[in-house]
Novice: 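Encoded as structure tokens, here's the structure I'll be asking about.
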Protein chains: 2
Amino acid sequence: MNVKLADIARVTGFSINTVSRALRGDSRISGQTSRLICSKAEEMGYIRNEVAGSMRSSRTNTIGVVSADSSNPFFAEVLLGIEDAARKMNYSILLINTEEQAENEYDAVKLLIGRQVDGLIIIPVFDDPKNLSMYESLGIPYIFAGRRVKGLEAHSILHGDEEGSSEVFSYLLETGHERIFYLAGPDRISNSVDRLEGMKRAFREKGRAFDADLVVETRGHIDDGYSEMNRALNKGLEFTAVACFNDLIAMGVLKSLYENGLCVPEDIEVFGYDNLNMAQYMQPRLSSVDVPKARLGQAAVEELMLHIEDGNRPYNTLEMKPRLVFRETTKR
Amino acid sequence: MNVKLADIARVTGFSINTVSRALRGDSRISGQTSRLICSKAEEMGYIRNEVAGSMRSSRTNTIGVVSADSSNPFFAEVLLGIEDAARKMNYSILLINTEEQAENEYDAVKLLIGRQVDGLIIIPVFDDPKNLSMYESLGIPYIFAGRRVKGLEAHSILHGDEEGSSEVFSYLLETGHERIFYLAGPDRISNSVDRLEGMKRAFREKGRAFDADLVVETRGHIDDGYSEMNRALNKGLEFTAVACFNDLIAMGVLKSLYENGLCVPEDIEVFGYDNLNMAQYMQPRLSSVDVPKARLGQAAVEELMLHIEDGNRPYNTLEMKPRLVFRETTKR
DNA sequence: CTGAAAGCGCTAACAA
DNA sequence: TTGTTAGCGCTTTCAG
């Protein structure tokens, strides 16, 4: 077995307790003792058994991250922000992916609680009764990153989905588009719901009615953008602008438009959402709505920490600002 | 506090021990007792404290994953494969990113060992003396996924970097290219080393000398492809084909070539590496070398499990086959 | 098939 | 400033 406190205690002649304290930098231990113990520990290759420590202190210094799909660049960047911020605060990350399935989310949370994580950062589905009631009596702090759960909005850090989407459609409507095709996201996540609402708001504010035939729901994958655009074109759908739920969809859309001989932005304007790094390398460079991804992850960690420190701290919805980035897929 | 074994024991009248066994499905407990205990536990909302369990059994059912940069789609997909396979085997993932820094890798491994992970999957740097000596006396099983560490090849699952790269260059040389520009990866990771070696091998086999001026090292990011290609073009470098260390670089390259009025593949042929999903949506569709990413992650978990089960199992390098995918950035 | 006792390695609480 | 004692919640071992 590995070297443990008792071994160091035996070698140095101090008690296990003193060794434990010295190693944790307890100020009550004299400088000399502390230095001796620490150097001896180093020399013996001591690595603290965090599991045993957690057991006693009932703190694991671990946060559970329930992501939707970490192979999606959007979540990957959020995750990176989370991991980085957590590491700096001496926390580790237990990661589980749900593939947007409410049931996987439920299982993930239960599993992480069994592993005694100190808190949770979750990218949840929008509206699931079983999960809702689970969250309502969770027992540990939790933050929803970039999404909200119906009825638990206070736990969310959001980035203005309705506003961002509304601005995109306002721009398109103001510049004269009569028929705007919208490739929406899956309706079980709040981003889809809110961005769709943003669209409706824009139409309302401009005193215009939107055509339900021009909205199609997708899973938000790159392939969806390509196949749905092909389908729309094949069935002769008419439009002069395309708004996409995210940049991945937009990439597929651009490909389809190109192959069908349509020019962007001359024939058709295209707007993405998320502003992935790759957006600026698409052909043409994609106009998009910027969301601060790494910052979102970081903010989620920071907020979660405050709740871990103070279990009575009230929850408040945090909002970040979206920002439209105009590149080459729009005329402006 | 949460409900624990003792609570269930009290309620059901059995001993803590019997409850523990019933809950773990120990076959020595009678069916009736077992059912009673399990249903009571369910009813009371019991969630097993895995930390306490691990403490005693010295098994955490956790594997540590030391990734290079999980915001890179390549690693993100490998990670997804890892997470998925691990979950199916009832294991959880502790994730740390290193940003390709040997020192971060060192710290990550030590930290994960302190957390008593049962094994490690690492995406390591190639050649660091301190890390090498750490690995040589690690004490727990470990697998390098998709990369090798100099001197510890047996711990790796590889995907034929030298072979894949050699095939790319063979194709380009055979089809008459005299000057091939290569955007290499960072020299501290084995993939760069091996793919570069593959290039050299191809030149050697064709009885040709390669020009060192036509090789430039990059970090492997999308921006590097764009900026290095711009730089090469600006200084008047001549070439008729571009091979890229990975698809991300290739995406940047395509953008630069387009902006400089060069046609792909007519003027310049381009080859990527990794075959990311997005490769087929680039403009034009990118020819690349396919690497089974999710499968790699899955294989790493499976192999690691065998070593966790049997601590004496010998390590053997595993090799997967690369496969060239010809799309629109090459003439063939 | 079930129970009692011991202990995993550490930290907390209380003493000195 | 240091030591002693107890115990976190579970699983293992040994006993019946």
Novice: A/Arg59 has an atom CZ; how far is it from atom C1' of C/dA12, in whole Å?
Specialist: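 After rounding, the gap between these two atoms is 15 Å.
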Novice: Looking at B/Thr33, I'd like to know whether one of its side-chain N or O atoms comes within less than 4.0 Å of OP1 or OP2 on C/dT2.
Specialist: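 Yes, such a contact exists.
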Novice: Quick one: is A/Thr18 getting a side-chain N or O under 4.0 Å of the D/dT1 phosphate, OP1 or OP2?
Specialist: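 So the side chain of A/Thr18 is outside the cut-off, no N or O lying under 4.0 Å from OP1 or OP2 of D/dT1.
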Novice: If you count heavy atoms of other groups shown closer than 6.0 angstrom to CD of B/Glu103, is the number above 12?
Specialist: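 No.
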Novice: In terms of relative ring orientation, are A/Phe74 and A/His159 parallel, tilted or perpendicular, with 30° and 60° separating the classes?
Specialist: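 Answer is perpendicular, since the angle exceeds 60°.
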Novice: Could you tell me which non-hydrogen atom of B/Ile93 sits nearest to which non-hydrogen atom of B/Ile82, and how far apart they are?
Specialist: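 Closest pair (atom of B/Ile93, atom of B/Ile82, distance): CD1-CG2, 3.7 Å.
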Novice: When you measure from the side chain of A/Ser30, which nucleotide among C/dT2, D/dT1, D/dG9 comes out closest?
Specialist: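 Out of C/dT2, D/dT1, D/dG9, the nucleotide with an atom closest to A/Ser30's side chain is D/dT1.
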Novice: Can you check the A/Leu23 CG to C/dC10 P distance for me, whole Å?
Specialist: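 Answer to the nearest Å: 9 Å.
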Novice: Atom CE of B/Met55 to atom P of D/dG7: distance rounded to whole Å?
Specialist: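 In whole Å, D/dG7 P lies 16 Å from B/Met55 CE.
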Novice: If you compare every side-chain N and O of A/Ser20 against the phosphate oxygens of C/dC10 (OP1, OP2), does one of them come in below 4.0 Å?
Specialist: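 So the side-chain polar atoms of A/Ser20 never come under 4.0 Å of the phosphate oxygens OP1 or OP2 of C/dC10.
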Novice: Can you work out whether B/Arg28 or B/Ala52 has the more 5'-proximal nearest nucleotide on DNA chain C?
Specialist: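 The residue closer to the strand's 5' end, by nearest nucleotide, is B/Arg28.
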Novice: Indicate whether any N or O donor in one side chain lies under 3.5 Å from an N or O acceptor in the other, for B/Arg35 and B/Ser39.
Specialist: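 Checked: B/Arg35/B/Ser39 side chains show no N/O donor-acceptor pair below 3.5 Å.
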Novice: From CD1 of B/Ile16 over to C1' of C/dT2, roughly how many Å is that when rounded to an integer?
Specialist: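 So the CD1-C1' distance, B/Ile16 to C/dT2, works out to 14 Å.
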Novice: Do the side chain of A/Asn17 and the base of D/dT4 come within less than 3.5 angstrom through a donor-acceptor pair of N or O atoms?
Specialist: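 Looking at the base of D/dT4, it does pair with a donor or acceptor on the side chain of A/Asn17 (distance under 3.5 Å).
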Novice: Choosing from C/dC1, C/dT11, D/dT11, which nucleotide comes nearest the side chain of A/Arg24?
Specialist: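 From the listed options, C/dT11 comes nearest.
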Novice: Nearest to the side chain of B/Phe14 - D/dG9, C/dG9, C/dG3?
Specialist: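 It is C/dG3.
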Novice: Specify the separation, in whole Å, of atom CD1 of A/Ile37 and atom P of D/dT1.
Specialist: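 Value for this atom pair: 13 Å.
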Novice: Where the side chain of A/Ser15 is concerned, which of C/dG3, D/dT4, C/dT2 is the nearest nucleotide?
Specialist: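 Selected nucleotide (nearest to the side chain): D/dT4.
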Novice: Report the nucleotide, chosen from D/dC10, D/dG3, C/dG9, that has the shortest atom-to-atom distance to any side-chain atom of B/Tyr46.
Specialist: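 Minimum distance to the B/Tyr46 side chain belongs to D/dC10.
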Novice: Between the base of D/dG3 and the side chain of A/Arg21, is there a donor and acceptor pair under 3.5 angstrom?
Specialist: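 Yes, a donor-acceptor pair under 3.5 Å.
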Novice: Expressed in angstrom and rounded to an integer, what is the separation of B/Ile8 atom CD1 from D/dG9 atom P?
Specialist: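 So the CD1-P distance, B/Ile8 to D/dG9, works out to 13 Å.
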Novice: Hey, does B/Ser54 reach any base, or is it just sugar-phosphate, or nothing, if we go heavy atoms under 4.0 Å?
Specialist: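 It contacts nothing in the nucleic acid.
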Novice: Distance check needed: D/dT11 P versus B/Lys4 NZ, whole Å only.
Specialist: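 Those two atoms, NZ and P, are 14 Å apart.
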Novice: So, B/Ser92 and A/Arg115: side-chain donor and acceptor under 3.5 Å apart, yes or no?
Specialist: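 Per modelled atom types, B/Ser92 and A/Arg115 side chains form a pair under 3.5 Å.
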Novice: Report the nucleotide, chosen from C/dC1, C/dC10, D/dC10, that has the shortest atom-to-atom distance to any side-chain atom of B/Arg48.
Specialist: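 Looking only at side-chain atoms, B/Arg48 lies closest to D/dC10.
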Novice: Counting C-beta onward and ignoring hydrogens, is there a side-chain heavy-atom pair between B/Tyr135 and B/Val109 closer than 4.5 Å?
Specialist: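 They are in side-chain contact.
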Novice: Could you check how far CG of B/Leu5 sits from P of C/dG3, rounded to whole Å?
Specialist: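 Distance check: B/Leu5 CG to C/dG3 P gives 13 Å.
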